[in-house]
J.: 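Input: one structure, supplied below.
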Amino acid sequence: MPKKLDGATDLFSAAEAARAQRGDHSVLVVCPADWQSKIDMLHQLGYLNAITWHIKMVE
């Protein structure tokens, strides 16, 4: 995994440990749509795409 993502990976690892300690079985992660490096990191950590959000920006 690229060095610049180590902090994010560490954060997700800590969150996963806390989730497991609470006995929770699922999590929801929201990631900006075009933030490919974070999407790649989530996939590497075993996260799967479950929902794709669509929004309409109004001026």
Side-chain angles (χ1 to χ4, degrees):
M1 184 159 302
K3 183 72 172 162
K4 67 181 181 177
L5 294 180
D6 287 349
T9 302
D10 291 344
L11 178 62
F12 271 93
S13 295
E16 285 290 335
R19 178 206 49 79
Q21 188 174 23
R22 288 190 308 270
D24 294 340
H25 299 284
S26 62
V27 295
L28 170 68
V29 177
V30 177
C31 187
D34 286 328
W35 204 351
Q36 193 61 49
S37 63
K38 298 298 189 215
I39 293 168
D40 292 344
M41 179 201 68
L42 290 171
H43 288 163
Q44 290 175 2
L45 292 173
Y47 286 81
L48 303 173
N49 186 35
I51 299 172
T52 301
W53 297 85
H54 299 273
I55 62 172
K56 180 178 181 180
M57 302 303 289
V58 180
E59 293 183 27

J.: Nearest 0.5 angstrom please: Thr9 OG1 to Lys38 NZ, how far?
T.: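 One finds 7.5 Å between OG1 of Thr9 and NZ of Lys38.
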
J.: At their closest point, which heavy atom of His25 faces which heavy atom of Arg19, and how far apart are they?
T.: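 Closest approach of His25 to Arg19, heavy atoms only: CA-NH1, 4.3 Å.
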
J.: Just checking, is any N or O donor in the side chain of Gln36 or Asp40 under 3.5 Å from an acceptor N or O on the other one?
T.: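 There is such a pair (donor and acceptor under 3.5 Å, judged by atom type) between the side chains of Gln36 and Asp40.
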
J.: Are side-chain heavy atoms of Phe12 and Leu42 found at a separation under 4.5 Å?
T.: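 When only atoms from C-beta onward are counted, Leu42 and Phe12 do touch, with a gap below 4.5 Å.
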
